[in-house]
2 protein chains.
Amino acid sequence: MKKKVSIHDIAKQLNVSAATVSFVLNGKATEKRISGEMEQRILKHVKQLGYRPNRVAKSLRTGKSKIIGMLVEGIADPFFSAIARNVEEQAYKLDYKIFYASTENETRIAKDILGAFRDTQVDGYIIVPPPGLEEEIQGLIDDNLPVVLFDRYFPGLATCNIIVDNFDGVYQAMRHFVKHDYKNIGFVTIHSTQTQMRDRSSGYYHAVNEKGLTPYVKMIGFDLKPDQEKITAEIKQFLQDNPKIEAVLFATNYLAISGLEAIKQLGLSIPNDIAVIGFDDNTHFSLFSPSITAVAQPIREISDQVMQQLMACLTGNEKLPGKKTIVLQTKLIIRESSQVNKLTS
Amino acid sequence: MKKKVSIHDIAKQLNVSAATVSFVLNGKATEKRISGEMEQRILKHVKQLGYRPNRVAKSLRTGKSKIIGMLVEGIADPFFSAIARNVEEQAYKLDYKIFYASTENETRIAKDILGAFRDTQVDGYIIVPPPGLEEEIQGLIDDNLPVVLFDRYFPGLATCNIIVDNFDGVYQAMRHFVKHDYKNIGFVTIHSTQTQMRDRSSGYYHAVNEKGLTPYVKMIGFDLKPDQEKITAEIKQFLQDNPKIEAVLFATNYLAISGLEAIKQLGLSIPNDIAVIGFDDNTHFSLFSPSITAVAQPIREISDQVMQQLMACLTGNEKLPGKKTIVLQTKLIIRESSQVNKLTS
DNA sequence: GCTGTTTAGTTAATCGATTAGGCAAATAAT
DNA sequence: ATTATTTGCCTAATCGATTAACTAAACAGC
């Protein structure tokens, strides 16, 4: 087992002090008036030995870790994993590493992990907050730690938030339905008071009121998320109980999946028996037959904004991002599932 | 900004030494003969202040970090993110954190990140190795660091590997095709010499030879992975060039997606014009019309085995896992895409 | 009363870096 | 020639924990 070499070993071997080596390694040779000759001697020897400074020690001394903590609802969710991937890519370029973790939207898990992040002294936080995390986030702000929230936020907190216009996303989808003459439009969402879901609901109700429609809403408990079959069963029941529904909007990607399964099980034909739009696009929606219309979130832009805001703090004047809410627009990707099939109708 | 409290602050406030506090906090009170009275006094005060030990300092001293480094091909890939999610869940229970990163199967990125993991002193490594990472992995072994590889491995290295029977997975799929009387069966794979792809190819050729069939193979460059459209175009070309093909097997999930798109663009009907099987199942395959037959990898089992092997080293007698290759079985999930449609044929 | 053993802690070195402050030698200024 | 400045590098404290080695007091045994 190759013994680890420390900066002191390097120093001893060259008969200089550890401080000198440290200065050279941190590019402060000129600033600290180390001669060019010495600098070369050290650099050469360091390269030859393949010495790598111990980040843990460095982190302890400087209080910086070059790590960003990222807390999402679930890394297996394609929406979050796609953003995670983009964020990671950008972080990598700036010599930061990402430390992901999933909360499953549970307050306790989120608190635990956030604690672990703090203990590890991560330099910045990217958080998709579950309910009840206000205090912890306020704590980060109080301690002057850079935080960026995305997907949802707490209106009461002075954080930097990157979100999409959930209200408008749903509203656009509704207008599309109405334009194609659908009158009885269902909305399947989850029981949640978080901003993103609340805004989606508002968008639905706004459209319903504006157009004088009858609302048909089904709320699924969030706790059912791991149990796809149960969600499918509930949606099936909802559609059976409300046979008038001729179009339905699903408020999240996993609800859409279960909803499509429910529709399949009921033997209904899309879009002739029932039209469908999902919130959150999916690589596969274009391949479905019929292809599925979706409200697409701008994944690339979200990732870019998240990183831009966070990096401005990390590399800049160490200030907090400050209270700022950046609202990005969604895009309705119109496919076959939301318009009557001209061939058969 | 709340000043951070250290173990010395605690000690001073209680008029004891830092060592005593440390012993109590690490549950060594009895072993180190600290009185119950003192123990309670310290615990109470620590709880009251909400003191949390600095993990970085602890890590520097002990050389342990309670972090596991996980290197996958791409965190946005549903196969890897599902495994990551499971692994994370188990690690969490054992008080370990996971540090993910994506390599995009590039040697240089993988080396970089592995270096960062080492610098951070992660306690264990879970790796899906890109080509050319042999030396670095051997280096981990030489330094007695626990490593588990999965999905693919290097036959020359004495590592613990968790893989699936890729050969048999493909072979089963081929047998299924043959059973349903398909004779001209295409195989779309990527240009790669890594074990998992090599074995899938072997499975195909074995079946082709055994049944006396004509091989139709299309190799896609791995570098095209980010460019879905190009892959789609190549597959389209392949199918057009080989009109005899009546069934096709895709060797990875993203090839299947592009392949389905190609088939859609060609206006072919599945399974009547062309039958399809994909390697790697997908949440959505059951919802496609027709639903897509797939070779499912046992995600849960893979994650369990990975963690079991790694944890045995971490919590146990600090030995390496040793050379051991655990081969799990795939399961052919038969759906509509691979058998002639009884209604119309 | 003197030695040996427990009890209940304490002291100080250590992990591997960073960095403010110091100091001797060389060079410049007067 | 003497003082001032610059050059070039070193000393030692520090970050916040862990832990081997030690000690002082209390108690036991003969």
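The chains referred to below are lettered A, B, ... by the order of the sequence lines, with proteins before strands, and numbering in each begins at 1. All heavy atoms count here, side chains included; hydrogens, waters and symmetry mates do not.
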- In whole angstrom, what separates A/Ile7's CD1 from D/dC10's P? 12 Å

- Item | Listed nucleotide nearest any side-chain atom of A/Ala19, set D/dC10, C/dA17, D/dC9 | D/dC10

- Message: Among C/dT10, C/dA17, D/dA17, which nucleotide has an atom closest to any side-chain atom of B/Val16?
- Response: C/dT10

- Item | Side chain of B/Ser35 (C-beta onward), nearest among C/dT19, D/dT18, C/dA8 | C/dA8

- Message: For B/Lys111, is there an ion pair with B/Glu135 - N to carboxylate O distance below 4.0 angstrom?
- Response: no

- Which part of the nucleic acid, if any, lies within contact of A/Asn15, taking any heavy atom under 4.0 Å across all strands shown: a base, the sugar-phosphate backbone alone, or nothing? sugar-phosphate

- Query: Within the pair A/Ser22 and C/dT18, is there a side-chain N or O less than 4.0 Å away from OP1 or OP2?
  - Reply: yes

- Task: Please check the phosphate of D/dG16 (OP1 and OP2 only) for any side-chain N or O of B/Ser6 closer than 4.0 Å.
- Result: no

- Note on the structure: The nucleotide from C/dA8, D/dG16, C/dA17 with an atom nearest the side chain of B/Arg33 is C/dA8

- Side chains of B/Lys324 and B/Asn161: does their closest heavy-atom pair fall under 4.5 Å? no

- Considering only C/dT10, D/dC10, C/dA17, which nucleotide approaches the side chain of A/Arg61 most closely? C/dA17

- Could you please name the option among D/dA17, D/dC15, C/dG9 that lies closest to any side-chain atom of B/Thr20? C/dG9

- When the distance from CG of A/Asp9 to P of C/dC15 is rounded to whole Å, what number comes out? 10 Å

- Between P of C/dA17 and CD of A/Gln121, the distance in whole Å: 17 Å

- Task: Classify the side-chain pair B/Gln90/B/Asp304 by whether it contains a donor and acceptor separated by less than 3.5 Å.
- Result: yes

- How do B/Ser17 and A/Lys28 order along DNA chain C: which one's closest nucleotide is nearer the 5' end? B/Ser17

- Query: To the side chain of B/Lys58, which of C/dT7, D/dT18, C/dT11 is closest?
  - Reply: D/dT18

- Scan B/Lys32 against the nucleic acid and name what it touches under 4.0 Å (heavy atoms): base, sugar-phosphate only, or nothing. base

- Message: I want to check one thing: is the phosphate of D/dT18, taken as OP1 and OP2, less than 4.0 Å away from some side-chain N or O of B/Asn26?
- Response: yes

- Hey, does A/Arg300 have a side-chain heavy atom less than 4.5 Å from the side chain of A/Ile83? no

- Query: Can you find a side chain N or O atom of B/Tyr51 that sits less than 4.0 Å from OP1 or OP2 on D/dG16?
  - Reply: no

- Message: Given A/Asp119, which partner from the list B/Lys4, B/Arg52, B/Lys66 fulfils the salt bridge (Lys or Arg N to Asp or Glu O under 4.0 Å) test?
- Response: B/Arg52

- Note on the structure: Side-chain atoms of B/Pro53 come closest, of C/dA17, C/dG16, D/dA17, to D/dA17

